[in-house]
Amino acid sequence: MLDKTFDPKSAEPRLYAAWENSGAFSPTDDPAAEPFSIVIPPPNVTGSLHIGHALNNTLQDVLIRFERMRGKAALWLPGTDHAGIATQMVVERQLAERGNRSRRDMGRDEFVAKVWEWKAESGGTIVNQLRRLGASCDWSRERFTLDEGLSAAVRKVFVQLHKEKLIYRDKRLVNWDPHFQTAISDLEVEAREVDGHYWHFAYPLEDGSGEIVVATTRPETMLGDTAVAVHPSDERYKALVGKAVRLPIVNRPIPIIADEYPDPEKGSGAVKITPAHDFNDFAVGKRHNLPMINLFDDFAKINDNAPPEYRGLDRFVARKKVIEQFEALGLLRGIEKTKHTVPHGDRSGVVVEPYLTDQWYVAADVLAKPAIKAVEAGDTVFVPKHWEKTYFEWMRNIQPWCVSRQLWWGHRIPAWYGPDGKAFVEETEAEALKKAEEHYGRPTPLKQDEDVLDTWFSSGLWPFSTMGWPEKTADLARFYPTHTLITGFDIIFFWVARMMMQGIHFTGEVPFKRVFINALVRDATGAKMSKSKGNVMDPLDLVDEFGADALRFTLTAMSGQARDIKLSKPRIEGYRNFGTKLWNATRFCQMNGCARAEGFDPAAVTAPLNRWIVGETQRTAAAVTTALAGCGFDEAANGLYRFIWNQFCDWYVELAKPLLTGDDAAAKAETQATAAWVLDVILTLLHPVMPFITEELWEQTADLGAARKHGGFLMTAPWPDLPENLVDPAADAEIGLIIETITEGRSVRQGLNVPPSAQPPLLVVEASGAQQAVLERSAALIGRLLRVSEVRVVDAAPAGAIPYVVAGATLALPVAEFIDIAAERARLGKEVANLAADIDRTAKKLANPDFVARAPEEVVEENRDRLADAQAARDKLQAALSRLEGV
RNA sequence: GGGCGGCUAGCUCAGCUGGUUAGAGCACCUCGUUUACACCGAGGGGGUCGGGGGUUCGAAUCCCUCGCCGCCCA
């Protein structure tokens, strides 16, 4: 006998270990099985599981379990990302906490060794947390982006792109993060709105004939100004173009130039040009061949290109000093408060500076073209589809991708420099040396590029690098392209787009056929969860409190498309209760001898109740299958919820009780067998979403009755494929009548406060022959649930009997002694009014010749039936009401 | 400034290609321990589907417009 509730704490680890040890997570090697693969969005190796991971991985697990049960060779390939900046940050912080030497004191080799050490120690955290969720990843194929195989893929990709001139080295402005002292890509820059000022500075004309006023939000950059620009059409300045101003503080003459860039409407119409520290000014500088004076060092401190009193100052200190000096010089013309957006590093949070450096760039625009076409052609589809717009928007405006990072943790760039600075880009140092010898005519020592690659450069290869590419492996042949990618919208640009570009370029195929974009999990009030807000819900705490199944079901049921998930505990609790409900329904079946019958055929059952539930089971199975196949996760979960709770538990089990305890041995046996069959189907359908409780119930019911065809784990059991002809409209009608009779009858009883102990007969006053037969035959079922003594057919309702109408039949409950006349009059009056309103609405519709002429025949017919039914019901109740008036 | 998403019961959300008396869960009120389950059962109250136009025989659903709210890009 089952316990009263499921105990996730003991069952989950046991079941997971059993699955894992059995090898069930690996795809079948049956060559006939259709491959179905997904690759995990590799979490940062530094990470621990947050609620977003829980959602994302639950959905992946639901999908992979579903497809595995459908007989596919289902591969869910797991792994982690080395996450350059994030990991380097974590380890540096840890070193500092432990009082170790700093990264720089330690040196590159020692530091990188420390990071590997750290990875060996704590890199497995998130992977183990995924196990607690129930994720059925194939751990035997687990990968890490810095694995040797993946690193080889990275080198090959870099070298090939370089040879194709799609990777090149260039000196230009990059977004520089002074905290980490590295370049970052456009995507890693976050525009934040901050309060700032416009400082208006006067630059005296060189010839002493006056001044020109410019405004800036970054005064310190004036130290690197190399021109003042005005619009060529700006009459105010026409005469000044070609002249020079003397740059205050620096005391250097700089030209006044005409360029399209300044907006005459804004400020004074004149702008200072600092080509080395502003993206727009850089472009102006290029057009006019202006000198580019770099003012900063890697820490954004002022360098030796500035006047001596500024050297070594922090940029913000220098800013103050510049303002003070302008004021002292009498050249400060005004200060204006303003809100403006300032670029910040997304990891460091510090203000990012445009900084002139040598970096490696990928010609993303070239790679983007086929990636755009692939989505246009439908080779890869987004679900929900509207995300394609976001993808296109970015891809069509893509900028060169800066891929070099001045970090130590990551894939070292495979470029070696000769003494003259010439770069040899090869997959190995040996190859580079060989090329150098050819080039220089003698063996020449080379020095490898110090930089590493953007983490996303390697994760962009993830779908195929993890499968062994560039080797032609069996996995690559079988599982690439992958089928579905499930990920968050926040990394469509970072990751999805890069995978598309690199995947198509290097394999000639899209990396995945479908991208499902999952929602963002927020707290119950809709706020984004963050540590600083303190509203973070730790998925592992939730698993502890409610079990993994409850959390999984919640996330699945709430994963409606294009919507945030507002997660709250009562919701999870409710779905935990749902698991308990199923558990107890199984317990009930077990107590009542429900056991699988040898050779049971659901199509052959005869009792209407059994025929009905078999049909409903088929409908549910079909709906769930369709939903899951189309990533309709919430639909699948909600469909199962309704079927299991509102149909199986509320009605089938209740209506089955008389059969299970009755004298009709044949009906009893059939019901027992049917219940067992339905339960097995339920467990199967629910398994992808709630794997633990279903597997446990599967095991606990393994010995009840005939052995299952599939002897092993539920997780590897075949998915139900039920024929549509299991649905029997006659059984539906019959059970529908019974359910309505009970529901409406209860409403009457409770509306009149008839005590539960009262057991009047149910009178059938007027009904079709078929209805009469159904009601009489089902007296036992109805009796129990409506608490009536019998079902009796009568010619007319006795005085004081309370009538109600169900499916055109008039039924009545003789409960005169309990009636409060006024209450009953009110009830009948309300019913009649409702019906009258409906009649009115429907009659109007039918009276409209346009409706009758233009609406489809079936809709018109439906309305006619509806009108007739409502009128009949109203007449009956009206008559009862009149009798009541007479009383 | 450009784009995207949302606005349906007190709360969280379903309602997909127009035809249901607009649904569910939670919360609320009343009743109930009938041998699966109180992590339960039964019944009930509660919404002019953000505002305004339009298309249509018919609009929560399609179109236009306005208003909020959120996100992304500049």
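Given the structure is predicted, the values throughout are model-derived calculations rather than measurements. So you know, we letter chains A, B, ... as the sequences are listed, proteins then strands, and number each from 1.
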Note to self: Please report the interatomic distance CZ(Phe282(A)) to CG(Leu173(A)), rounded to the nearest 0.5 Å.
What the structure shows: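 Going from CZ on Phe282(A) over to CG on Leu173(A), the span is 5.0 Å.
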What interatomic distance, in whole Å, is found between [atom1] of [M] and the corresponding atom of [N]?
{"N": "A60(B)", "M": "G51(B)", "atom1": "P", "result": "11 Å"}
{"N": "G41(B)", "M": "U35(B)", "atom1": "C1'", "result": "15 Å"}
{"N": "C37(B)", "M": "G32(B)", "atom1": "C1'", "result": "15 Å"}
{"N": "A14(B)", "M": "A9(B)", "atom1": "P", "result": "12 Å"}
{"N": "C13(B)", "M": "G3(B)", "atom1": "C1'", "result": "26 Å"}
{"N": "G54(B)", "M": "A59(B)", "atom1": "P", "result": "12 Å"}
{"N": "U12(B)", "M": "C28(B)", "atom1": "C1'", "result": "16 Å"}
{"N": "C31(B)", "M": "G23(B)", "atom1": "C1'", "result": "25 Å"}

Could you check how far [atom1] of [X] sits from [atom2] of [N], rounded to whole Å?
{"X": "Lys385(A)", "N": "C16(B)", "atom1": "NZ", "atom2": "C1'", "value": "15 Å"}
{"X": "Leu752(A)", "N": "U30(B)", "atom1": "CG", "atom2": "P", "value": "19 Å"}
{"X": "Trp645(A)", "N": "C26(B)", "atom1": "CH2", "atom2": "C1'", "value": "12 Å"}
{"X": "Glu393(A)", "N": "C72(B)", "atom1": "CD", "atom2": "C1'", "value": "9 Å"}
{"X": "Lys581(A)", "N": "C39(B)", "atom1": "NZ", "atom2": "C1'", "value": "10 Å"}
{"X": "Leu582(A)", "N": "C40(B)", "atom1": "CG", "atom2": "C1'", "value": "15 Å"}
{"X": "Met558(A)", "N": "C26(B)", "atom1": "CE", "atom2": "P", "value": "13 Å"}
{"X": "Glu388(A)", "N": "C4(B)", "atom1": "CD", "atom2": "P", "value": "14 Å"}

Margin query: Nearest to the side chain of Asp650(A), heavy atoms from C-beta on, is which of C4(B), A36(B), G41(B)?
Written below: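 The answer is G41(B).
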Checklist line | Minimum-distance nucleotide (side-chain atoms of Thr580(A) versus U34(B), C37(B), C73(B)) | finding: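 So the nucleotide nearest the side chain must be C37(B).
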Determine: side-chain N/O of [X] to OP1/OP2 of [N], distance under 4.0 Å, yes or no.
{"X": "Lys657(A)", "N": "A36(B)", "value": "yes"}
{"X": "Lys389(A)", "N": "C72(B)", "value": "no"}
{"X": "Asn577(A)", "N": "C37(B)", "value": "no"}
{"X": "Lys569(A)", "N": "C26(B)", "value": "no"}
{"X": "Thr743(A)", "N": "A42(B)", "value": "no"}
{"X": "Trp387(A)", "N": "G3(B)", "value": "no"}

Next item on the list: Mark yes or no for a side-chain to base donor-acceptor pair under 3.5 Å between Glu654(A) and A36(B), with no hydrogen or angle criteria applied.
Entry: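 Check passes, donor-acceptor contact within cut-off.
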Checklist line | Distance-only donor-acceptor test, Arg576(A) side-chain atoms vs C39(B) base atoms, 3.5 Å | finding: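 Indeed there is one.
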Is a donor on one side and an acceptor on the other found under 3.5 Å between the side chain of [X] and the backbone of [Y]?
{"X": "Arg874(A)", "Y": "Val832(A)", "value": "no"}
{"X": "His340(A)", "Y": "Thr338(A)", "value": "no"}
{"X": "Arg514(A)", "Y": "Phe382(A)", "value": "no"}

Item checked: Watson-Crick and G-U pairing of RNA chain B written in dot-bracket, each distance under 3.5 angstrom, with | for inter-strand partners -> (((((((..((((.....[...)))).(((((.......))))).....(((((..]....)))))))))))).
Are there any protein N/O atoms within less than 3.5 Å of an N/O atom in nucleotides 18-20 of chain B, and if so, which ones and at what distance?
from	atom 1	to	atom 2	distance (Å)
U20(B)	O3'	Arg866(A)	NH1	3.3

Check: Quick check, are the ring centers of Tyr641(A) and Tyr575(A) under 6.0 angstrom apart?
Finding: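 For Tyr641(A) and Tyr575(A), the ring centres are under 6.0 Å apart.
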Quick one: label [X] by what it contacts on the DNA or RNA (base, sugar-phosphate, nothing), any heavy atom closer than 4.0 Å.
{"X": "Glu573(A)", "result": "nothing"}
{"X": "Cys649(A)", "result": "base"}
{"X": "Arg642(A)", "result": "nothing"}
{"X": "Ser747(A)", "result": "sugar-phosphate"}
{"X": "Arg749(A)", "result": "nothing"}

Notebook entry, point to check: So, Thr671(A) and Asn610(A): side-chain donor and acceptor under 3.5 Å apart, yes or no?
Noted result: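 Short answer, yes.
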Notebook entry, point to check: Between Trp394(A) and Phe493(A), how do the two ring planes meet: parallel, tilted or perpendicular, split at 30° and 60°?
Noted result: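 Rings of Trp394(A) and Phe493(A): parallel, under 30°.
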Next item on the list: Describe, in one word, how the ring planes of Phe553(A) and Phe578(A) are oriented to each other, choosing from parallel (under 30°), tilted (30 to 60°) and perpendicular (over 60°).
Entry: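 It falls in the tilted class, 30° to 60°.
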Next item on the list: Tell me which of Glu635(A) and Arg784(A) sits closer to the 5' end of RNA chain B, going by the nucleotide each one is nearest to.
Entry: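 First, find each residue's nearest nucleotide; the 5'-ward one identifies Glu635(A).
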Item checked: Whichever of Thr586(A) and Asp186(A) has its nearest RNA chain B nucleotide further upstream toward 5' ->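 Its nearest nucleotide lies further toward 5', so the answer is Thr586(A).
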Do NZ/NE/NH1/NH2 and the carboxylate oxygens of [X] and [Y] come within less than 4.0 Å?
{"X": "Glu376(A)", "Y": "Arg396(A)", "answer": "yes"}
{"X": "Arg218(A)", "Y": "Glu353(A)", "answer": "yes"}
{"X": "Asp840(A)", "Y": "Lys844(A)", "answer": "yes"}
{"X": "Glu654(A)", "Y": "Lys657(A)", "answer": "yes"}

